[in-house]
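Here's the structure, in structure tokens; my notes come after.
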Amino acid sequence: MSAPTSLNVLCAICSEYFQNSDIVYCTTRCGHVFHHKCLTRWLSNSKTCPQCRGNCQRHMIHRIYLNFSEPTPLDDVDTEPEATFDWYPLESSMSVSEIAGFGFKLDNDENGDAIYAARVYYKDDLLPAYYVPQKKGVYCAWGCASHFVDDNIEQLYIASDTAEYKWESAENGHVPENALHVGYTQNNEELYFGRAMYEGRLRYGKVHPSHHCCYFPYKEWEKNNRTYEVLVRIPKSE
């Protein structure tokens, strides 16, 4: 039996059902979903969510992926929720110990402060970044420069995740199997966590496959390396 081509869910802007070929985007704060073209057209004239009228801007949306399949008898069976990761919006009131309790620690920086895996909405991209709790912000690489950003940050939440996280070697834009999808460019290209050696230590940033390298912030610049490691998430075997 072939999979259905539409869901019984409407885009609130155009009132059309979502099709399996549609590009669907979600508002970050309130979670409402729309066709990408509908939402970007709306946000070119308004700074609110089309459905609830909550605050929403172009950098506060991200793509979601919907699975289309026929119902099965197992759909009516109650199961335990899958242990997995999530992206947690950071608040300035969070303490260092709170963040350490659920975050994925990447390393310590040059000052000895712990840094954590995060992502940030910047310009029209969702960028892999590293969060420094003591500074209440992230560092990311974009547009040939290093940027420190202190809002629109989400941290990788792994407190309930049973998967294994590790770094695997890659080069020239390749990403290994099970690489963790972290963000995207304004052209909807997937971005991944990467790290590479530079000036004697590991630097953390983004793997941009079509650019064939890993970019990372260094002082005020965006540097890159064609040889790097990618963060992968390997689900626990049953």
Side-chain angles (χ1 to χ4, degrees), residues 26-31 54-55 57 59-62 81-123 125-142 145-168 179-184 191-207 214-223 228-236:
C26 171
T27 55
T28 301
R29 294 194 173 170
C30 53
N55 179 44
Q57 300 185 44
H59 64 272
M60 297 165 62
I61 64 175
H62 62 273
E82 179 187 2
T84 187
F85 68 94
D86 201 354
W87 293 100
Y88 197 99
L90 281 173
E91 301 174 4
S92 59
S93 60
M94 289 181 180
S95 67
V96 173
S97 60
E98 283 181 295
I99 292 167
F102 66 78
F104 179 78
K105 184 180 177 181
L106 295 171
D107 206 340
N108 291 324
D109 64 14
E110 290 92 337
N111 300 318
D113 294 328
I115 60 176
Y116 293 88
R119 65 184 188 180
V120 61
Y121 294 90
Y122 190 75
K123 303 297 183 180
D125 294 352
L126 179 56
L127 300 173
Y130 66 84
Y131 181 72
V132 186
Q134 285 80 0
K135 297 181 179 179
K136 303 288 187 182
V138 298
Y139 287 94
C140 63
W142 187 90
S146 170
H147 302 273
F148 179 77
V149 187
D150 60 5
D151 61 357
N152 296 314
I153 300 167
E154 295 177 345
Q155 187 172 334
L156 180 59
Y157 182 102
I158 62 166
S160 59
D161 195 1
T162 58
E164 176 188 3
Y165 289 81
K166 65 180 184 178
W167 296 92
E168 293 191 4
L180 183 66
H181 293 197
V182 178
Y184 54 78
L191 299 174
Y192 305 85
F193 274 126
R195 67 181 187 181
M197 289 296 299
Y198 187 79
E199 295 292 323
R201 67 177 294 126
L202 286 168
R203 311 289 174 176
Y204 294 82
K206 63 183 180 184
V207 175
C214 173
Y215 290 108
F216 48 87
Y218 175 72
K219 297 184 178 179
E220 67 267 35
W221 304 293
E222 176 184 59
K223 297 294 185 178
Y228 48 83
E229 294 180 325
V230 182
L231 183 63
V232 300
R233 176 183 179 273
I234 303 174
K236 182 179 180 181

- request: Kindly indicate, with the supporting measurements, whether the criterion side chain to side chain contact (heavy atoms under 4.5 Å, CB included) is fulfilled by Val138 and Leu127.
  value: CA-CA 10 Å; Val138 298; Leu127 300 173; over 6 Å; no
If you measure from [atom1] on [X] to [atom2] on [Y], what distance do you get to the nearest 0.5 Å?
{"X": "Lys166", "Y": "Leu231", "atom1": "NZ", "atom2": "CG", "value": "11.5 Å"}
{"X": "Arg233", "Y": "Leu180", "atom1": "CZ", "atom2": "CG", "value": "7.5 Å"}
{"X": "Glu199", "Y": "Tyr218", "atom1": "CD", "atom2": "OH", "value": "4.0 Å"}
{"X": "Asn108", "Y": "Arg201", "atom1": "CG", "atom2": "CZ", "value": "8.0 Å"}
{"X": "Thr84", "Y": "Asp161", "atom1": "OG1", "atom2": "CG", "value": "5.0 Å"}
{"X": "Arg203", "Y": "Asp109", "atom1": "CZ", "atom2": "CG", "value": "10.0 Å"}

**Message:** side chain to side chain contact (heavy atoms under 4.5 Å, CB included) for Trp87 and Leu156? Distances and angles first, verdict last.
**Reply:** CA-CA 5 Å; Trp87 293 100; Leu156 180 59; 3.7 Å; yes
Original post:
Taking only residues two or more places apart in sequence, or in another chain, which ones meet Tyr131 in a ring-ring contact (aromatic ring centres under 6.0 Å, His included)?
Top reply: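 Per chain and number, Tyr131 pairs via ring-ring contact (aromatic ring centres under 6.0 Å, His included) with no residue.
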State, with a plain yes or no, whether a side-chain heavy atom of Pro217 is found less than 4.5 Å away from one of Phe148. no
Any Tyr165 side-chain heavy atom under 4.5 Å of Phe85 side chain: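 Yes, close enough: below the 4.5 Å cut-off.
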Taking the side chain from [X] and the backbone from [Y], do they hold a donor-acceptor pair closer than 3.5 Å?
{"X": "Lys136", "Y": "Met94", "answer": "yes"}
{"X": "Tyr204", "Y": "Leu106", "answer": "yes"}
{"X": "Asn111", "Y": "Asp113", "answer": "no"}
{"X": "Lys105", "Y": "Ala114", "answer": "no"}
{"X": "Arg119", "Y": "Gly183", "answer": "no"}

Indicate the atoms forming the closest heavy-atom contact of [X] with [Y], along with that distance.
{"X": "Tyr139", "Y": "Ser146", "result": "CD2-OG, 4.2 Å"}
{"X": "Ile153", "Y": "Gly137", "result": "CD1-CA, 4.0 Å"}
{"X": "Ala129", "Y": "Cys140", "result": "CB-CB, 3.9 Å"}
{"X": "Tyr215", "Y": "Glu222", "result": "CD2-CD, 3.6 Å"}
{"X": "Pro128", "Y": "Gly205", "result": "CB-O, 3.8 Å"}
{"X": "Pro235", "Y": "Ala163", "result": "CA-CB, 3.9 Å"}

Requested in this report: Please assess Asp107 against Arg195 for the test salt bridge (charged side-chain N to carboxylate O under 4.0 Å, His left out), listing each intermediate value before the final yes or no.
Outcome: CA-CA 11 Å; Asp107 206 340; Arg195 67 181 187 181; 5.7 Å; no
### Message
Show, in sequence, the C-alpha distance, side-chain angles and deciding distance for Tyr192 and His181, and conclude whether the ring pair (Phe, Tyr, Trp, His ring centres under 6.0 Å) test is met.
### Response
CA-CA 5 Å; Tyr192 305 85; His181 293 197; 5.0 Å; yes
Original post:
Which class fits the ring pair Phe102 and Tyr88: parallel under 30°, tilted 30 to 60°, perpendicular over 60°?
Top reply: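 Ring orientation, 0 to 90° scale: tilted.
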Practice prompt. Measure up the His147 and Tyr122 rings against each other and bin them: parallel (under 30°), tilted (30 to 60°), perpendicular (over 60°).
Written response: tilted
- Task: Could you walk me through whether Leu191 and Tyr184 pass the side chain to side chain contact (heavy atoms under 4.5 Å, CB included) test, one step at a time?
- Result: CA-CA 5 Å; Leu191 299 174; Tyr184 54 78; 5.5 Å; no
For Tyr121, the option from Thr28, Asn152, Asp151 that meets side chain to side chain donor-acceptor pair (under 3.5 Å)
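Single side chain to side chain donor-acceptor pair (under 3.5 Å) partner of Tyr121 among Thr28, Asn152, Asp151: Thr28.
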### Residues Leu202, Met197; criterion side chain to side chain contact (heavy atoms under 4.5 Å, CB included); working and verdict
CA-CA 4 Å; Leu202 286 168; Met197 289 296 299; 3.5 Å; yes
